[in-house]
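These notes are about the structure you will find just below.
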Amino acid sequence: MNISRVTYFALAAFVFAASCSKEAAEPDVYDWADGKIYFKTSLSDVAYSRAQDMTLDRLESFQVTCFNTADRYKDQAGFLSPYFENATFIRKDNSGVGTYVSSPSEEPRNWPANDGFLRFFAFSPSLKVMREGNTKLEDPDNNKFFSLTNSTIETASSVSVGYRLGNVRINPDISRQFDFVAAEASGTRQNDFMGGVDIAFSHQLCQVELQAWGANKYYDFEIAGVRIGNPVVEGTFVFADDADKASARRWETGEKPVMDKVEYLYRGTEASGAEDEPGIGDKIFRINNQQHNSQESAASIMGLGGCAMVIPTVNDRWEALADPNIGADTYSTDRMYFSILMRVTDTGNGSLVYPYSGKDDGRKVVSYAMDPEGKIIRRLYPGSEKGTYFIDPELKNQYVAAQGEEIKDFGWAAVSVDADWSAGKRYVYTLDYSEGIGLHDPEDPEPGKPIGVKKEISWGVSVGKWDYATPDDNYTPDVDVPFE
């Protein structure tokens, strides 16, 4: 299965190579009458906004666990063992896009001889891909993250199936996130060995995209990154819980959900490992009198990172200066906000408005070298001496700008939002910078303080296929950026 982003994933090579090598081993002629299990898949349409959107033509493989409810084979703890667990099914050669057979690198997956009733639980990407694609885990091999749990037991005269995947952890780097799809199906050999088992996948995460525009007569904006503050990033996905029907096909996140920021900072070609491929780096997003200065010209500011994918989230908006804890020595918030990495200049004289010039107060500033067209060459790290920059955070390798290059600083500017996001829906927020810049980020020395002296930014949200969320889905599509 290809979940890779063309720009930044070395993972892409692994996924494609693995799927291609498996499919190459698949025979041209497949004997459907020999008892092998295979699937006919379907997957709802999605918006093509990021390379990781899972569509049927990208679904190279998926993992399947199966329970035979006619079996009565228990382990020592009393649980019924799966008929098979976490088996790989791959797309069949020359089958179009919808026929999937067991991987030839694993043992064959056949129908039972007694014609038992099978229940299938499927998901993609695989545990291996999810673990290897999430580089921020403390210990990806300790079975805390991305592990399957079986609680299927025999009751008086039936089988109570319980199966879940936990703990699913979302990568804080938006460009490394994945689209998690899951499905459940059932069948018998008598009914399904010739036609295949129909299995319909659905998207289990929610997708968030930020767009922007502005008709601001005071400020020009350059945008170089996005942050989504405090969505849910960890949870357990429940495939089935026959003992509690309401718990099936849903997320469990606990009484205090794990929330964190997810972000994407624009990158140059050196960050992608593709220095020899021209045109791969991000380009600064500009809002001024000539570009993105009307609502009709609003466009995505997600850069090459693509839309964010997070676990369904319900969270109140960040209170900013109204937060009673805002004056704490070590301030933090678990409320919801967006933050945009930006550089703001005065339209009249071109002077720097934000981040504040020459103000060294611990405020987080991100520096970039870029060409005259706004194409990012690389991220830089300021040295102790004014005007010196390095290519590494350890400040060992100094950077000297080539002729025509310009080094610019960017700072975070936040907007308070609330969230009530459902699985399988895509939320598109449109930030209107016509009146303001935003608030100091919660991690800044003066969190919540307005930036500049004009009016706050407005934001708008619309929703579509995946399914697009709508204002009836408990979110406000238009957001004004605060100025006081």
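The residues of the chain are indexed from 1 along the displayed sequence. When reading the values below, keep in mind they use all heavy atoms of this one structure, side chains included, and skip hydrogens, waters and symmetry mates.
Within the 4.5 Å cutoff, the side chain of I311 has heavy atoms near those of the L205 side chain. Taking the side chain as every heavy atom from C-beta outward, Q63 and T88 approach each other to under 4.5 Å. Annotation: side chain of T152 is not in contact with side chain of F79 (no heavy-atom distance under 4.5 Å). Between M130 and R169, the closest side-chain pair of non-hydrogen atoms is not below 4.5 Å. Contact check for I284 versus F410: side-chain heavy atoms found under the 4.5 Å cut-off. For the pair Y266 and I223, the minimum side-chain heavy-atom distance is below 4.5 Å. By the 4.5 Å heavy-atom criterion applied to side chains, M309 and I170 are not counted as neighbours. Under the 4.5 Å side-chain criterion, counting only non-hydrogen atoms from C-beta, L210 is in contact with M302.
Distance alone, capped at 3.5 Å, places no donor-acceptor pair between the D192 side chain and the I37 backbone. At distances below 3.5 Å, at least one donor-acceptor pair connects side-chain atoms of D242 with backbone N or O atoms of V161. A distance-only check finds no donor-acceptor pair linking the side chain of S124 to the backbone of F62 [under 3.5 Å]. Side-chain N or O atoms of S416 include none that pairs as donor or acceptor with a backbone N or O of Y337 at under 3.5 Å.
P231 and D260 make their closest contact through CD-O, 2.8 Å (heavy atoms, listed as atom of the first residue, atom of the second, distance). For L265 against Y368, the heavy-atom pair with the smallest separation is CB-OH, 3.5 Å.
The aromatic rings of F120 and F84 are tilted relative to each other, their planes meeting at an angle between 30° and 60°. Ring geometry for F123 versus F239: interplanar angle of 30 to 60°, hence tilted.
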Q: Would you check, one step at a time, whether the test side-chain hydrogen bond (donor to acceptor under 3.5 Å, both in side chains) holds for Q177 with Y264?
A: CA-CA 11 Å; Q177 293 174 345; Y264 177 73; over 6 Å; no
(Q) Pair D173, R267 - check salt bridge (charged side-chain N to carboxylate O under 4.0 Å, His left out), show working. (A) CA-CA 12 Å; D173 180 349; R267 299 169 186 174; 2.7 Å; yes
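In this structure, the separation between CZ on F117 and CG on N191 is 9.5 Å, given to the nearest 0.5 Å. For the atom pair CZ (F121) and CD (E184), the distance works out to 4.5 Å, reported to the nearest 0.5 Å.
Taking the six-membered ring for Trp and the full ring otherwise, the centers of F237 and F180 sit less than 6.0 Å from each other. Between F39 and F89, a ring centre-to-centre spacing shorter than 6.0 Å is recorded.
A side-chain contact (heavy atoms from CB on, under 4.5 Å) with R227 holds for exactly one of L341, V262, D441; it is D441. Just one residue in the list Y429, W412, Y427 forms a ring-ring contact (aromatic ring centres under 6.0 Å, His included) with F338, and that residue is Y429. Here the options are V226, I340, I301, the test is side-chain contact (heavy atoms from CB on, under 4.5 Å), and the partner is F285; only I301 passes.
Side chain to side chain, Y100 and R91 meet the donor-acceptor criterion of an N or O pair below 3.5 Å.
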